[in-house]
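Whatever order the structure lists them in is the order used to number ligands and atoms, beginning at 1.
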Amino acid sequence: MAAEAPRTAGPDAPHVPVLLRPLLAAVAPVSGTWLDGTFGAGGYARGLLEAGAERVIGVDRDPSVFAMAAQWAGDFGSRLRLVEGTFSDMDRLAGEMLDGVVLDLGVSSMQLDQAERGFSFMKDGPLDMRMSGAGTSAADLVNEAEEAELADIIYHYGEDRAARRIAKAIVRAREAAPITTTRALVAVVESCLPRPKPGQSHPATRTFQAIRIAVNDEFGQLIEGLEAAERALKPGGRLAVVTFHSLEDRVVKRFLLARSGGEAQGSRYAPERVDAAPAFKLLTRRAVAPDDAELAENPRARSAKLRVAQRTDAPAGRPDRSSLGLPQPAQGPAPRRKGH
Ligand SMILES: C[S@@+](CC[C@H](N)C(=O)[O-])C[C@H]1O[C@@H](n2cnc3c(N)ncnc32)[C@H](O)[C@@H]1O
């Protein structure tokens, strides 16, 4: 699991976007209309336009990213169309069949850096974490969810074995006063976990990741986004996905394997599946990781993984979601541990 880390860079910023070079190499030659479903600072969209895409549709659920892009988007005129929305809706937002789709999952450096967005356990701010700025905030969730639900979220989305202990501490703390700031949540988590040893991540890393994933329904978005890409891509179109933690990569890997006919789709308990022609062909058999040069330039890219596939001409279908390794806090209680 990665520590909290900025991931992206605008064209004028000192950081290069994560895995952009291998991504462009894996999808080359780039032409036609592409959709960047996680526009952020626009590093991927710009890279695609410069690599030969005739047009790029840049989608982001965070409306604040578009103001930043205004500084350079004009250079590309009508070749770049910016759309506020979620990538789960990409086929509708695009309104046309696509030659390529890129997704660079997770939170951006701009979002982490703005204390007032509440994503960072290292900066004090309101406990918000909503990428879109709308809907249920982290404070709503932390102050209103049942203890068992909080434990499940922290266990399944944060993979924190101390999930039950942390959930119990949250409930105890909020009975005294609502938890409304990132600092207050950090203090609660720290109060019930041992001090980290040198080299270990901050104790709040996993809880913050888990709450952010729940607030933004990141796994619902991911599976619906992959399915939407399957519907939106033309035969021969490319899908490239960059993930930042193992839970996301597992889902992308299993989706692409299942949809490329590489592995049994159904679970033991699922009804017999009807064999259908593969909707994708894998272009990367194994996930691509940053090379030494990228890691030297940006050590925080170390957890990033890229997977790329090419759409076939088979009709779009839907995978058996139960076989994709989607973490499901609602279905599996966090295990009870001795003494917690
Ligand atoms: C890691 S950043 C992408 C950075 C981008 N590749 C670049 O080069 O600047 C992720 C971005 O995706 C957006 N995002 C995350 N989930 C989304 C979703 N389901 N739909 C649309 N945008 C999303 C976030 O708001 C954030 O701006």
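Of all atoms in ligand 1, numbered sequentially from 1 with element shown, those under 4.0 Å from a heavy atom of Asp62 are 25 (O). Below 4.0 Å from some heavy atom of Gly85 lie the following atoms of ligand 1, by number and element: 20 (N), 21 (C). Remark: ligand 1 atoms within the under-4.0 Å shell around heavy atoms of Gly40 are 9 (O), 27 (O). Under a 4.0 Å criterion applied to the non-hydrogen atoms of Gly42, ligand 1 contributes the atoms 7 (C), 9 (O). Interface atoms of ligand 1 facing Val107, defined by a heavy-atom separation under 4.0 Å, are 1 (C). Near Thr86, with a cut-off below 4.0 Å to any heavy atom, the atoms of ligand 1 are 20 (N), 21 (C). Near Ala41, meaning under 4.0 Å from one of its heavy atoms, ligand 1 places the atoms 7 (C), 9 (O). Those atoms of ligand 1 that come under 4.0 Å of a heavy atom in Pro17, given as number and element, are 8 (O).
One finds no salt bridge joining Arg206 and Glu159 here, because no Lys/Arg side-chain nitrogen approaches an Asp/Glu carboxylate oxygen to under 4.0 Å. A salt bridge between Glu218 and Arg212 is present, with a side-chain N of the basic residue lying under 4.0 Å from a carboxylate O of the acidic one.
With atom 20 (N) of ligand 1 as the reference point, the heavy atom nearest to it among Phe244, Phe87, Phe39, Tyr44 is part of Phe87. Relative to atom 8 (O) of ligand 1, the option among Ser108, Ala45, Gly106, Gly43 with the closest non-hydrogen atom is Gly43. Across Asp36, Val65, Asp60, Val102, heavy-atom proximity to atom 13 (C) of ligand 1 is greatest for Asp60.
Shown are Ile170, Ile153, Thr180; of these, the side-chain contact (heavy atoms from CB on, under 4.5 Å) with Val142 is made only by Ile170.
Inclusion of Gln221 in the set of residues having an N or O under 3.5 Å from an N or O of ligand 1 is warranted. Polar contact check, Met131 against ligand 1: no nitrogen or oxygen pair lies under 3.5 Å apart.
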Ser31 vs Glu54, test: side chain to side chain contact (heavy atoms under 4.5 Å, CB included). Steps then yes/no.
CA-CA 6 Å; Ser31 64; Glu54 274 133 53; 4.2 Å; yes

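Minimum heavy-atom separation, Arg302 to Leu295: CA-CD2, 3.5 Å. Here the closest heavy-atom approach between residue Leu193 and residue Arg165 is recorded as CD2-NH1, 4.0 Å. Taking both residues in full, the closest heavy atoms of Ala94 and Leu35 are given as CB-CD1, 4.0 Å, listed atom of the first, atom of the second, then distance.
Between Gln111 and ligand 1 there is a heavy-atom distance shorter than 4.0 Å.
Taking the six-membered ring where the residue is Trp, the centroids of Tyr157 and Phe219 are separated by under 6.0 Å.
Arg55 forms no cation-pi arrangement with Trp34, by the criterion of a distance under 6.0 Å to the ring centre and an angle within 45° of the ring axis.
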